[in-house]
Amino acid sequence: MIGPTLATQKRGLAMLAGENAGVVDHSVDKADSWLMSSPNRLKLGVFGFNLSGGMSPITMADGPPQLRSWDEQEAAARTIDKAGLEAIIPVAKWKGVPGPSRFWDRTYETFTWAAGLAAVTERTHIMVTAHIPVYHPVTAAKMVATVDHIAGGRIGLNTVTGIWEPEFAQFGMNALLDHDKRYEIADEWIEIVKRLWTDDDEFDHDTSYFEFKGAYSSPKPVQRPYPVLMSAGWSPAGQAFACKNSDLLFINLGWAADEAPGKIAAVKEKLDATGRDIGLWAMAHVVCRDSERAARDVIKAYADDRGDWETAAALLDNVSRTSRSMPGVHESMQASRESDEALRANPALRNLVEHCGATPLIGTPERVVEQMAELADMGINGLALQFLDYGADLDQFVEQLLPEMVKAGLRVDPA
Ligand SMILES: Cc1cc2nc3c(=O)[nH]c(=O)nc-3n(C[C@H](O)[C@H](O)[C@H](O)COP(=O)(O)O)c2cc1C
């Protein structure tokens, strides 16, 4: 058994006096969690199985991959936990993208989803991906603390500022206002949340973004000083936010494979300059088969033959307009609109249809692990894995690829 289990964590805990007389809460140092302290050179999480369509906007002949049932969600979480992977990361999504594939049409809400999975896992960190504009900081602080108690100190907060305008219109808000202002608000939001997690006294707050009186939250989270913080979004403003606030920065490199080494080096330099140990995580899509040819045939079958390119194009148009971590992509999409052929040749769009923004890891188990090693050499500390099928492909990953990673020195032997 590697790393502390929930039971051992609880036994070994320093019992702290609670905020209320007579109440004793247990606590763990987040730095000691499996996510933050595992000896694995390349940490692993599984990303996006709380959505229908998984993480590829495809139209299967019999409809897109469906949102896995709750039993299947639990089964995937148990597999991940038992295999010693460090994290499970959901996508925050309130509404899907119109089109034949009904991409992201059905999605589990991330806080309640995390609570359910926390109860059936022991060691893996369950991240809660939260849209900052949607939650008042008092609500978010309280909910994270509550799920952190359910999980025995294994909840992480993955903050996102949002990307898909139509999902916010139903809240009656224009969440995707000026890009950098989103991060200004996010910065203030997370400061308030941290204070609610650590301050025993009530406090007032009055700025143009948040105004309230007597803010207070108890119980405090199990993790001290507060839960692991991840942020997804890596424009200059997103990187500055991570440098100041996050333990982990989560990025996507998929459409720009050639530029990956330079981009990773530039981000690492900024993270290292903080003097804090901030992990760099990237999205990765695993398509592993017995031969490279077979893996590429799988991709061709779902992307070229059955891909929902129109929906993907609408999504990418929208997303690349509101993001600043995909320079040039919006302009390239305008130019590609002239023909179907040009659209399919657009590298960012092709990556979205084939791998949903992730770095592709394609081929035999050995080849996939070689590509993982290349990413680790470039400075990536963790991969958030996506699969076409979070049942069979995840099982294959655990059975065939994890042992290869151990051989390659990327992971320690779980035994
Ligand atoms: C790896 C990664 C994961 C993301 N996950 C989500 C998500 O689950 N839900 C969402 O609405 N936006 C998500 N986003 C979008 C970001 O929250 C952010 O709004 C977007 O990347 C634009 O910010 P940027 O210009 O700083 O990158 C994600 C972004 C990245 C890079």
Side-chain angles (χ1 to χ4, degrees), residues 1-20 23-45 80-81 84-89 111 114-115 117-119 121-130 137 140-159 190-201 216-231 242-250 271-272 274-281 381-382 411-412 414:
M1 176 64 71
I2 34 179
T5 63
L6 178 58
T8 55
Q9 274 176 5
K10 279 188 172 159
R11 269 201 305 278
L13 294 171
M15 302 297 272
L16 291 189
E19 295 79 24
N20 300 313
V23 178
V24 175
D25 286 328
H26 68 270
S27 75
V28 292
D29 184 336
K30 74 170 157 186
D32 294 335
S33 64
W34 180 236
L35 170 59
M36 300 307 287
S37 72
S38 94
N40 294 314
R41 183 168 168 237
L42 190 61
K43 296 183 184 183
L44 294 173
I80 294 161
D81 189 54
L85 272 52
E86 284 85 354
I88 292 175
I89 311 168
F111 281 85
L117 296 190
T121 48
E122 295 212 324
R123 187 172 26 164
T124 299
H125 242 78
I126 318 283
M127 309 304 287
V128 173
T129 304
K142 187 81 159 173
M143 291 204 294
V144 170
T146 302
V147 273
D148 202 39
H149 278 246
I150 297 171
R154 289 180 297 114
I155 291 296
L157 176 61
N158 175 28
T159 48
I190 198 74
E191 280 302 327
I192 297 166
V193 170
K194 284 189 213 168
R195 192 163 172 199
L196 285 159
W197 283 335
T198 51
D199 209 330
D200 285 335
D201 298 321
Y216 173 74
S217 196
S218 179
K220 302 304 182 199
V222 171
Q223 286 163 91
R224 299 291 162 112
Y226 42 74
V228 173
L229 297 180
M230 176 182 247
S231 53
C243 285
K244 188 169 167 211
N245 300 300
S246 310
D247 299 301
L248 308 169
L249 172 59
F250 187 18
L271 299 182
D272 291 347
T274 63
R276 297 197 299 118
D277 188 12
I278 306 173
L280 186 61
W281 281 58
N381 308 110
R411 309 267 307 168
V412 296

Asks: Where is the tightest heavy-atom contact between Ala115 and Val147, given as atom of each residue plus distance?
Replies: CB-CG1, 3.4 Å
Asks: Might you point out which heavy atoms bring Ile80 and Ala87 nearest each other, and give the distance in Å?
Replies: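 Smallest interatomic distance, heavy atoms only, reads CG2-O, 4.2 Å.
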Asks: Which residues satisfy the side chain to side chain donor-acceptor pair (under 3.5 Å) test with Lys142, sequence neighbours excluded?
Replies: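 For Lys142, no residue satisfies side chain to side chain donor-acceptor pair (under 3.5 Å) once neighbours in sequence are set aside.
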Asks: Distance check, rounded to the nearest 0.5 Å: Ser218 atom OG versus Asp199 atom CG?
Replies: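 Between atom OG of Ser218 and atom CG of Asp199 there are 12.0 Å.
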Asks: Rounded to the nearest 0.5 Å, what separates atom CD1 in Ile155 from atom CD1 in Ile150?
Replies: 7.5 Å
Asks: Okay, side chain of Trp197, backbone of Ala141: is any donor-acceptor separation there less than 3.5 Å?
Replies: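 Between the backbone of Ala141 and the side chain of Trp197 there is a qualifying donor-acceptor contact (under 3.5 Å).
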Asks: Could you point out which residue of Arg154, Lys43, Arg411 forms a salt bridge (Lys or Arg N to Asp or Glu O under 4.0 Å) with Glu86?
Replies: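 It is Arg411, the one option of Arg154, Lys43, Arg411 that forms the salt bridge (Lys or Arg N to Asp or Glu O under 4.0 Å) with Glu86.
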Asks: Taking atom CG of Asp201 and atom OH of Tyr216, what is their separation to the nearest 0.5 Å?
Replies: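 The CG atom of Asp201 sits 9.0 Å away from the OH atom of Tyr216.
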Asks: When rounded to the nearest 0.5 angstrom, what is the spacing between CH2 in Trp281 and CD1 in Ile89?
Replies: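 If I round to the nearest 0.5 Å, the distance is 5.5 Å.
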Asks: Just verifying a value: how many Å separate Asp247 CG and Ile278 CD1, rounded to the nearest 0.5 Å?
Replies: 8.0 Å
Asks: So, does His26 use its side chain to make a donor-acceptor pair with the main chain of His149 at under 3.5 Å?
Replies: no
Asks: On a heavy-atom basis, which atom in Ser37 and which in Ala31 lie closest, and how many Å separate them?
Replies: CB-O, 3.4 Å
Asks: Applying side chain to side chain donor-acceptor pair (under 3.5 Å), can you list everything that pairs with Thr159, at least two apart in sequence or on another chain?
Replies: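 For Thr159 there are no side chain to side chain donor-acceptor pair (under 3.5 Å) partners, ignoring immediate neighbours.
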Asks: If you look at every heavy atom in Lys30 and Tyr226, which pair is closest and at what distance?
Replies: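 That closest heavy-atom pairing would be CD-O, 3.1 Å.
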Asks: Would you find a donor on one side and an acceptor on the other, under 3.5 Å apart, between the side chain of Asp148 and the backbone of Gln223?
Replies: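 Pair found, side chain donor or acceptor close to backbone of Gln223.
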Asks: Does any non-hydrogen side-chain atom of Cys243 lie less than 4.5 Å from one of Thr274?
Replies: yes
Asks: Looking at Val128 and Ala114, what are the two nearest heavy atoms and their distance?
Replies: CG2-CB, 3.8 Å
Asks: Could you walk me through whether Lys194 and Asn245 pass the side chain to side chain contact (heavy atoms under 4.5 Å, CB included) check?
Replies: CA-CA 10 Å; Lys194 284 189 213 168; Asn245 300 300; 3.2 Å; yes
Asks: Please test Leu35 against Met127 for side chain to side chain contact (heavy atoms under 4.5 Å, CB included), starting from the C-alpha separation and ending with a verdict.
Replies: CA-CA 10 Å; Leu35 170 59; Met127 309 304 287; 4.1 Å; yes
Asks: Under 3.5 Å, side chain of Thr124 to main-chain N/O of Leu85, donor-acceptor pair present?
Replies: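 Yes; at least one donor-acceptor contact below 3.5 Å.
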Asks: At what distance, to the nearest 0.5 angstrom, does OG of Ser38 lie from CE of Met36?
Replies: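 One gets 10.0 Å once the value is rounded to the nearest 0.5 Å.
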Asks: Please check if the side chain of Trp34 supplies one atom and the backbone of Gly84 the other of a donor-acceptor pair under 3.5 Å.
Replies: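 Answer holds: yes.
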Asks: Do other residues, nucleotides or ligands put more than 12 heavy atoms under 6.0 Å from the CG atom of Asp272?
Replies: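 It does: Asp272 CG has more than 12 such atoms within range.
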Asks: So Val144 and Phe111, do their side chains get closer than 4.5 Å, heavy atoms only?
Replies: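 They are in contact (side-chain heavy atoms under 4.5 Å apart), so the answer is yes.
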Asks: At their closest point, which heavy atom of Pro137 faces which heavy atom of Ile192, and how far apart are they?
Replies: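 Looking at all heavy atoms of both residues, the closest pair is CB-CG2, 3.7 Å.
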